[in-house]
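The structure appears right after this line, and notes come after that.
Proteins get letters first, then strands, A, B, ... in listed order; numbering begins at 1 in each.
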2 protein chains.
Amino acid sequence: MQTTRPRRADARRNYELLLAAATAVIAEEGPDASLNEIARRAGVGPGTLYRHFPTRDALLAAVFQGRLAALCARAEELAEERPPGEALVAWLRLLVAHAMTDRGLGARMMLNPAAPGVDCWAMLGGAAGRLLRPAQEAGVVRADLEFADLVELVAGIAQVASGPERAERLLTLTLDGLRARDGGDQRGAGSSLRVP
Amino acid sequence: MQTTRPRRADARRNYELLLAAATAVIAEEGPDASLNEIARRAGVGPGTLYRHFPTRDALLAAVFQGRLAALCARAEELAEERPPGEALVAWLRLLVAHAMTDRGLGARMMLNPAAPGVDCWAMLGGAAGRLLRPAQEAGVVRADLEFADLVELVAGIAQVASGPERAERLLTLTLDGLRARDGGDQRGAGSSLRVP
DNA sequence: TATGATACGGAGAGTTTCTCCGGTTCAACG
DNA sequence: CGTTGAACCGGAGAAACTCTCCGTATCATA
């Protein structure tokens, strides 16, 4: 269900103005930014904002869409450039970073399969599946892992981590598990996050 | 920094009324419930609410405090009743459930070390340490694990999981790790969550 | 019981979300 | 090119919320 671009020239222009203003304001104030402020910054009345984006989530989804597309494209590149395990882990790091942008906008959208305007879940599912399946076939990752597990765990980490270092730490722990290794050595087959 | 109970009888009575009303309303509507509604339900003016609990967080902390104390007491019991690994895992399950109560109140408080009124961080740290250290000495859990890791991971899972089943699944994954086991068998030394 | 410190409560200022509708602008068509 | 009606704009304003101020009422103490 895609937010259909308006047909009339002035409407389309306002749509773009609002999207640009929303991107800027949300980057500054996070997903709870005042919608009035966004309309004001776009030089448009509140009514216009609400016509184009009936709910706050619709606006957030529109802002979110561009970045998500870029992230999924990156998944494709990684799948071709690197061995399965490395590619997956590298993408997970990008996913964490993405989920932490804009003060939680990313995580909020990623967890909302019913987000209007963008089918985040399908896009993420495609990208994650593209990386997850080869990694499983290569025996690097549990066979019973599903993409929803990945997305949820990453979103949780992103919401909870106070900064990039903490996020990295939590991702490492999640990949390796909290249990002590039987062999005594903590490291698994490959290093957790050596990929740049 | 403890929320000091008021001295005068009517003040104390209103304090209790507000706490009870807040507990009820927050259970229904979550941590973003209207403060006006809470005051109304307590049969008290808005001014009175704000005198007793200057900020929303102060009120949430007061509501949260009782449950947190119970949770920490349970940690003590578990540490005495069960072997280290089991006790820790059982408590983590309780922690997840706790963090999911009241539509996210638990997770919100657990992650806010500066929460006014209750030093959640210290209480949690004490309880978690009481279980974590023995588990590490018994070699069941990674030696480099810190209690902050536990709390954050659990809070993340709680915020993200759509229901108890998903939370359980994510906790299992986090305990065991996402990587395939070298030995091919997915299960670690002990079952992840066999404890009732 | 008298008294002053303490606490109450509601009016109201300032925000924010969201709706409604009179007026305006665009695009298609003759 | 001018007309026309559909699409769109903008802002007034209702409703809900947070938070403050202060006149009034209540309690504890002596």
Subject >> Distance, rounded to the nearest Å, where A/Arg40 contributes CZ and D/dG11 contributes P >> reply: 13 Å

Original post:
Do you know which two heavy atoms are closest between B/Leu71 and B/Trp91, and how far apart they sit?
Top reply: O-NE1, 3.1 Å

Original post:
In whole angstrom, what separates B/Leu17's CG from C/dA7's P?
Top reply: 16 Å

Sort me out a list of protein N/O and nucleotides 28-30 of chain D N/O pairs below 3.5 Å, or just none if empty.
unit_1	atom_1	unit_2	atom_2	d
D/dA28	OP1	B/Ala9	N	3.1

Original post:
OP1 or OP2 of C/dA7 sitting under 4.0 Å from any side-chain N/O of B/His52?
Top reply: no

Original post:
Given atom OH of A/Tyr15 and atom P of D/dC9, what is their separation to the nearest angstrom?
Top reply: 13 Å

**OP:** Pick out which of B/Leu170, B/Asp149, B/Val96 makes a side chain to side chain contact (heavy atoms under 4.5 Å, CB included) with B/Val154.
**Re:** B/Val96

Subject >> Nucleic acid contacts of residues 21-38 of chain A, taken as heavy-atom distances under 4.0 Å to DNA chain C >> reply: A/Ala33, A/Ser34, A/Leu35, A/Asn36

Subject >> Integer-rounded Å distance: C/dT16 P and A/Leu59 CG >> reply: 16 Å

Subject >> Qualifying residue, where the test is side chain to side chain contact (heavy atoms under 4.5 Å, CB included) with A/Leu173 and the options are B/Leu145, B/Leu150, B/Thr174 >> reply: B/Leu145

**OP:** Five pairs at each end of the helix from C/dT1-D/dA30 to C/dG30-D/dC1: take the axis at both ends and give me the angle between them to 10°.
**Re:** 0°

**OP:** Would you please name every residue forming a side-chain hydrogen bond (donor to acceptor under 3.5 Å, both in side chains) with A/Arg74, sequence neighbours left out?
**Re:** A/Glu77

Original post:
Of A/Arg51 and A/Pro46, whose closest DNA chain C nucleotide lies nearer the 5' terminus?
Top reply: A/Pro46

**OP:** Considering non-hydrogen atoms only, spot the tightest contact between A/Asp176 and B/Arg142 and give its length.
**Re:** CB-NH1, 3.3 Å

Original post:
Is the shortest side-chain N to carboxylate O distance from B/Arg40 to B/Glu37 below 4.0 Å?
Top reply: yes

**OP:** Could you tell me whether the phosphate oxygens of D/dC9, OP1 or OP2, come under 4.0 Å of any side-chain nitrogen or oxygen in A/Asn14?
**Re:** yes

Original post:
Looking at B/Val44, B/Val63, B/Leu49, which hits side chain to side chain contact (heavy atoms under 4.5 Å, CB included) with B/Ile38?
Top reply: B/Leu49

Subject >> Residue pair A/Ala99 / A/Ala158: nearest heavy atoms and the distance that separates them >> reply: CB-CB, 3.3 Å

Going by atom type alone, with no hydrogens or angles, which donor-acceptor pairs under 3.5 Å involve a side-chain atom of residues 20-29 of chain B and a protein atom two or more places apart or on another chain?
unit_1	atom_1	unit_2	atom_2	d
B/Thr23	OG1	B/Leu19	O	2.8
B/Glu28	OE1	B/Arg41	NH2	3.1

**OP:** Find the distance B/Leu49:CG to C/dC8:P and express it as a whole number of Å.
**Re:** 11 Å

Original post:
Of all heavy-atom pairs between B/Ile157 and B/Ala167, which one has the smallest distance, and what is that distance?
Top reply: CG2-O, 3.8 Å

Subject >> Results of ring pair (Phe, Tyr, Trp, His ring centres under 6.0 Å) for A/Phe147 - residues two or more places apart only >> reply: A/Trp121

